[in-house]
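Bear in mind that the values here come from a model prediction, so they are computed numbers and not experimental data.
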Amino acid sequence: MSGAPPEAEAHEHSHADVSGGWLRAAVFGAMDGLVTNTALVAGVGGGGAAPRAIVLAGVASLVAGAISMALGEYTSVKTQNEQLDLEVEKERRELERNPEGELAELVEMLRVRGVDERLARTVAVQLSRDPETALRLHVVAEIGLSPEDKPSPRLAAVSSFLTFGTGALLPLLPYLLGVPVLWVALLCGGLGLLVAGALSSRFTPRPWWYGGLRQLLLGAAAAGTTYLIGAAIGVSVT
């Protein structure tokens, strides 16, 4: 019976999306929709507006906000990808014009990460035999983004549109279902904020209650502020 340790085997595992793609857009969209319309309902309701006016303002805010969020996410992600493409082409030209200098740079990247200098040069030379591999290494090390992991602008836009709309709908539900009571609408918005914050904590090291309470308190601060402003103005809608 051999005393050698068993051979280690690679195993597959996954990581959350941290590249700024659909997850960031979804979380931001849901939170923004909830806070925006909960605060809007609080402000308009605090000003004494009729239920019909609150619904009209809330639906207009939902539609306009969802479209704005989707367009903003699409433009933001598209611009980020185009900037990354520009930097990749810049690095590609540097590899073509100054291969020795880029090789020395790659050696230094490996050396500062703890690889012995002689081994670092051997590895760098081997990796540089494939120009695309060398290019990816330089881009990731210098820019911090991988050209192969670019987020989808369309996916970010759709995700943001849907989640903003869902979040913005929650504080309007009581009015739409025939319960035109302001505190019930604010309660729905608060519960939505609590749940959304708790769900988002799954992607962070924070406990669920921390994420939920944090988002609830932030939303309550926004709603409280708009309620006081609305009550002070005393809007009259016919």
Side-chain angles (χ1 to χ4, degrees), residues 16-17 21-74 155-238:
D17 167 40
W22 71 269
L23 178 59
R24 181 190 64 84
V27 171
F28 184 55
M31 298 299 187
D32 197 17
L34 279 162
V35 172
T36 296
N37 257 18
T38 301
L40 182 143
V41 168
V44 178
R52 184 178 178 184
I54 294 175
V55 172
L56 177 60
V59 171
S61 172
L62 186 158
V63 175
I67 293 174
S68 176
M69 285 289 295
L71 293 177
E73 282 296 330
Y74 182 87
L155 184 58
V158 171
S159 176
S160 180
F161 180 89
L162 294 177
T163 54
F164 182 97
T166 301
L169 180 63
L170 287 180
L172 294 177
L173 279 179
Y175 289 94
L176 297 175
L177 295 176
V179 187
V181 181
L182 180 59
W183 72 264
V184 176
L186 297 181
L187 179 62
C188 286
L191 289 174
L193 288 165
L194 185 65
V195 171
L199 289 176
S200 68
S201 69
R202 293 184 58 191
F203 307 100
T204 73
R206 299 287 190 181
W208 68 268
W209 56 265
Y210 178 90
L213 289 177
R214 177 180 61 181
Q215 198 59 38
L216 177 61
L217 289 174
L218 292 174
T225 301
T226 55
Y227 179 87
L228 292 176
I229 294 173
I233 295 174
V235 176
S236 177
V237 180
T238 58

Subject >> Those residues that, when tested against Ser201, pass side chain to side chain contact (heavy atoms under 4.5 Å, CB included) (two or more places apart) >> reply: Thr204, Trp208

Pairs of donor and acceptor atoms involving the side chains of residues 42-53, under 3.5 Å and at least two apart or interchain, shall be tabulated with distances.
none

Original post:
To the nearest 0.5 Å, what is the distance between CG (Leu62) and OG1 (Thr166)?
Top reply: 8.5 Å

Subject >> Qualifying residues under side-chain hydrogen bond (donor to acceptor under 3.5 Å, both in side chains), relative to Thr36, sequence neighbours excluded >> reply: Asp32

**OP:** Could you tell me whether the side chain of Gln215 reaches within less than 4.5 Å of the side chain of Val35, counting heavy atoms only?
**Re:** yes

**OP:** Go through the structure and list residues passing side chain to side chain contact (heavy atoms under 4.5 Å, CB included) with Phe161, not counting sequence neighbours.
**Re:** Ala66, Ile67, Ala70

Original post:
Which atom names give the shortest non-hydrogen contact between Pro171 and Ala168, and what distance separates them?
Top reply: CD-O, 3.5 Å

Original post:
Within the distance-only criterion (no hydrogens, no angle test), does the side chain of Ser68 pair as donor or acceptor with the backbone N or O of Ala64 below 3.5 angstrom?
Top reply: no

Subject >> Heavy-atom pair of closest approach, residues Val41 and Ala185 >> reply: CG1-CB, 4.0 Å

Original post:
In chain order, what residues pass the side chain to side chain contact (heavy atoms under 4.5 Å, CB included) check against Val195, with sequence neighbours excluded?
Top reply: Leu199

**OP:** Name all residues meeting the side chain to side chain contact (heavy atoms under 4.5 Å, CB included) criterion together with Val55; count only those two or more places apart in sequence or in a different chain, and write none if there are none.
**Re:** Val59, Tyr175, Leu176

Subject >> Residue pair Gly192 / Leu170: nearest heavy atoms and the distance that separates them >> reply: CA-CD1, 3.8 Å

Subject >> Shortest non-hydrogen separation from Ala156 to Glu73 and the atoms involved >> reply: O-CB, 4.0 Å

Original post:
CG of Leu191 to CG of Leu186: how many Å apart, nearest 0.5 Å?
Top reply: 11.0 Å

**OP:** Specify the closest pair of heavy atoms between Ser200 and Met31, including all atoms of both residues, with the distance to one decimal.
**Re:** OG-CE, 3.8 Å

Original post:
How close do Leu34 and Gly189 get, heavy atom to heavy atom, and via which atoms?
Top reply: CD2-O, 4.0 Å

Ignoring hydrogens and angles, write down the donor-acceptor pairs under 3.5 Å from the side chains of residues 218-229, residues two or more places apart or on other chains.
| from | atom 1 | to | atom 2 | distance (Å) |
| --- | --- | --- | --- | --- |
| Thr225 | OG1 | Ala221 | O | 2.8 |
| Thr226 | OG1 | Ala39 | O | 2.7 |
| Thr226 | OG1 | Ala222 | O | 3.2 |
| Thr226 | OG1 | Ala223 | O | 3.0 |

Original post:
Can you list every pair that meets side chain to side chain donor-acceptor pair (under 3.5 Å) and has a residue in residues 56-66, with sequence neighbours left out?
Top reply: Asn37-Ser61

